[in-house]
There are 2 protein chains.
Amino acid sequence: MVERNEETIQATKTSFEVVHTLQEIGPARLSEIAAELELAESTTHRHLQTLHDMRYVSRDGERYQLGLRFARLGRAAQTRDPAYEMTQRHVEALAEETGERAQFVVEDHGLGIYLHVETGSQAVRVGFGVGRQIHLHSSSAGKAILAHYPRERVDEILDQWGLPAHAANTITDREELYEELETVRERGVAFNREEHVDGLNGTAVPVKRDGRAIGALAVAGPSHRLTGEWLDEEIPDMMLAAANELELNATYASDAGSRDHIVE
Amino acid sequence: MVERNEETIQATKTSFEVVHTLQEIGPARLSEIAAELELAESTTHRHLQTLHDMRYVSRDGERYQLGLRFARLGRAAQTRDPAYEMTQRHVEALAEETGERAQFVVEDHGLGIYLHVETGSQAVRVGFGVGRQIHLHSSSAGKAILAHYPRERVDEILDQWGLPAHAANTITDREELYEELETVRERGVAFNREEHVDGLNGTAVPVKRDGRAIGALAVAGPSHRLTGEWLDEEIPDMMLAAANELELNATYASDAGSRDHIVE
DNA sequence: GTCATGAGTTCCGCTATGCGGAACTGATAA
DNA sequence: TTATCAGTTCCGCATAGCGGAACTCATGAC
């Protein structure tokens with residue numbers, strides 16, 4: 001019984017599952033993690049020890065938790081494309097101008113990831129929601145991105161993640177989605193009318209580079225407030241202006257950054 | 001030759017080294033990564049494939065890069081303690097009031113990690129520096145933290161990382177550092193006069209909880225500008241006020257956060 | 001067209017490595 | 001003292017991960 005399964009490393013998977021468990025349940029004891037993952041305690045111990053050695057996990061007496069090395073790694077991922085950083089000020093401006101929640105969303109592995117989130121008036125929870133993942137078919141940003149992807153890539157993504165219903169108006173039919181994407185492509189703007197969360201509307205425009213969507217700017221808010229001309233025209237115009245400016249700045253300058261005494 | 005070495009998992013280490021390489025050199029081809037780590041290409045391929053399967057690595061045609069899942073993980077690490085989040089607005093306020101760079105630094109594995117960084121006037125590079133690591137002995141924040149750690153823990157840290165010189169005034173002698181920490185403890189404020197980078201001064205105060213330092217608020221800037229009463233009295237007073245307020249807010253409320261349709 | 005090059009992927013045999021269970025340790029409490 | 005329980009170390013076994021070689025699949029030279 002040799003049966004070479006897919007070429008993949010079990011130990012690595014397990015280690016990342018340990019990390020993921022810590023992300024989910026926060027500081028935890030070895031026994032909790034072992035139970036959660038249904039692993040032998042000796043095995044769990046070995047994984048935690050390895051991760052601890054590498055400073056990806058810290059321990060506070062009897063509890064293990066995520067190491068702050070991940071903060072660095074997270075920033076590196078978030079700035080892996082210089083264009084990602086340039087969107088920040090536009091997101092801030094949009095939040096300011098609209099008073100609603102403004103976002104910059106990017107596609108990775110077929111999901112939408114919030115890279116910048118800014119809430120307009122109530123400036124609470126700064127950075128809240130960053131890194132969060134959503135399905136592309138049920139959000140304005142996702143549709144703005146998909147509309148500018150080749151059909152085959154769209155199919156791949158839908159095959160991988162399906163079209164689960166999140167709210168009353170979620171599009172769950174492939175054909176219907178194709179039509180919607182066609183509309184989005186023509187208009188250059190995507191809308192979300194309670195498709196992701198009941199009571200929440202949104203609108204988004206793609207940010208393109210070399211004709212390919214690298215992400216989307218979006219604004220979201222309660223459906224009673226985001227409606228009419230405000231939703232249909234005014235907010236899209238602001239976003240289009242921002243997207244346009246971003247696209248003109250094709251000078252994606254990459255700077256080395258000052259490196260003083262960084263410890264690795 | 002059995003020789004059980006330290007209980008640690010090689011495959012996990014290698015996988016994280018691959019991740020670390022991607023963090024360092026950015027988008028890279030398989031062959032580059034294999035060369036960098038002196039691994040067989042087949043081995044490198046297996047690691048990358050595993051990481052890709054788990055969405056911790058993405059590939060853009062012929063190049064691999066960090067997956068945006070790390071953005072989420074990074075945020076989780078950065079907010080692993082509710083107190084960390086509460087410092088953000090104080091850092092912003094300090095940057096605003098002083099016009100200099102304000103920071104909140106935490107200790108992890110014996111190093112200082114910047115969790116919040118805000119630059120005063122020139123609001124460029126938002127979030128730049130977050131996650132960066134520094135030695136504790138040569139920064140004001142580090143000294144503020146060490147001053148409130150038990151002696152044995154300080155020794156552990158110094159054993160682990162030593163006291164490397166970074167600038168002309170870096171304290172490289174243990175005894176001298178102990179004395180300095182004593183002074184810091186008495187005064188409640190730490191200073192850095194070109195000990196970390198030539199031409200750069202700084203000052204910091206600890207943020208304590210249950211008598212233990214959980215981090216430090218710091219302000220840094222060019223030594224010609226950060227000097228005299230401004231450095232010695234005025235900035236420390238602002239920071240002490242902020243730290244005091246933080247410590248009074250012992251109501252470290254933990255909220256569950258709204259969880260809508262999060263994809264894992 | 002052939003041949004060459006080179007990056008990436010798959011195959012394959014070997015054994016080092018990661019696995020779980022059991023034994024051990026050390027702290028806390030009855 | 002014994003009991004309990006979390007965490008750590010030990011240990012033998014088989015499997016899972018390793019590197020080298022073979023194979024693909026582009027791309028390009030001639």
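Only this structure's heavy atoms are used, side chains among them; waters, hydrogens and symmetry mates stay out. What you see is a predicted model, and the numbers here were worked out from it, not measured in a lab. A, B, ... follow the sequence lines: proteins, then strands. Residue 1 opens every chain.
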Parallel under 30°, tilted from 30 to 60°, perpendicular over 60°: which one fits the rings of H166(A) and H135(A)? parallel
So what does R63(A) hit on the nucleic acid, given a heavy-atom distance under 4.0 Å: a base, only sugar-phosphate, or nothing? nothing
Within less than 4.0 Å of OP1 or OP2 of dC18(D), is there a side-chain N or O belonging to H47(B)? yes
Test of understanding: with side chain to side chain donor-acceptor pair (under 3.5 Å), list the residues that count as partners of T44(A), not counting sequence neighbours. none
Identify, residue by residue, the members of residues 30-40 of chain B with a heavy atom below 4.0 Å from DNA chain D, and return them in order of residue number, or none. L39(B), A40(B)
Sorted by chain and residue number, the side chain to side chain donor-acceptor pair (under 3.5 Å) partners of E176(A) (sequence neighbours excluded) come out as none
Side chain of R59(B) (C-beta onward), nearest among dG7(D), dT9(C), dG18(C): dT9(C)
Distances under 3.5 Å between protein N/O atoms and the N/O atoms of nucleotides 4-6 of chain C, please, pair by pair.
none

Taking CD1 from I9(A) and P from dG17(D), how many angstroms apart are they, rounded to a whole number? 6 Å
By nearest nucleotide on DNA chain D, pick out whichever of E62(A) and R46(A) is the more 5' one. E62(A)
T14(B) meets the side chain to side chain donor-acceptor pair (under 3.5 Å) criterion, sequence neighbours left out, with Q10(B)
N/O-N/O pairs, protein side and nucleotides 22-27 of chain C side, under 3.5 Å:
none

Between R80(B) and D60(A), is the closest basic N to carboxylate O distance under 4.0 Å? no
Could you list the residues that satisfy side-chain contact (heavy atoms from CB on, under 4.5 Å) with S15(A), not counting sequence neighbours? H47(A), T12(B)
Check every strand shown and say whether R29(B) touches a base, only sugar-phosphate, or nothing at a heavy-atom separation below 4.0 Å. sugar-phosphate
For L66(A), side-chain contact (heavy atoms from CB on, under 4.5 Å) partners two or more places apart: V19(A), L22(A), Q23(A), F70(A), L73(B), A76(B), A77(B)
NA contact type, E41(B), heavy-atom cut-off 4.0 Å: base, sugar-phosphate, or nothing? base
Contacts of A218(B) that satisfy side-chain contact (heavy atoms from CB on, under 4.5 Å) - sequence neighbours left out: Q103(B), S140(B), A141(B), A204(B)
Please name all residues satisfying side chain to side chain donor-acceptor pair (under 3.5 Å) with E156(B), sequence neighbours left out, ordered by chain then number. R153(B)
Only pairs under 3.5 Å count here: list side-chain donor-acceptor contacts from residues 29-37 of chain A, not counting sequence neighbours, and write none if there are none.
unit_1	atom_1	unit_2	atom_2	d
R29(A)	NH2	E62(A)	OE1	3.3
E32(A)	OE2	R29(A)	N	3.0
E32(A)	OE2	R63(A)	NH1	3.2

Roughly, in whole Å, what's the span from CG in L48(B) to P in dC18(D)? 12 Å
Going by an N to O cut-off under 4.0 Å, is there a salt bridge joining R209(B) and E247(B)? no
Nearest-neighbour nucleotide for the A11(B) side chain, dT9(D), dC19(C), dC18(D) considered: dC18(D)
Using OP1 and OP2 only, check whether a side-chain N or O of H45(A) sits under 4.0 Å from dT8(D). yes
Would you please name every residue forming a side-chain contact (heavy atoms from CB on, under 4.5 Å) with D155(A), sequence neighbours left out? R151(A), R174(A), Y178(A)
Distance in angstrom units between Q49(A) CD and dT9(D) P, rounded: 6 Å
Separation of dC18(D) P from Q10(A) CD (nearest whole Å): 13 Å
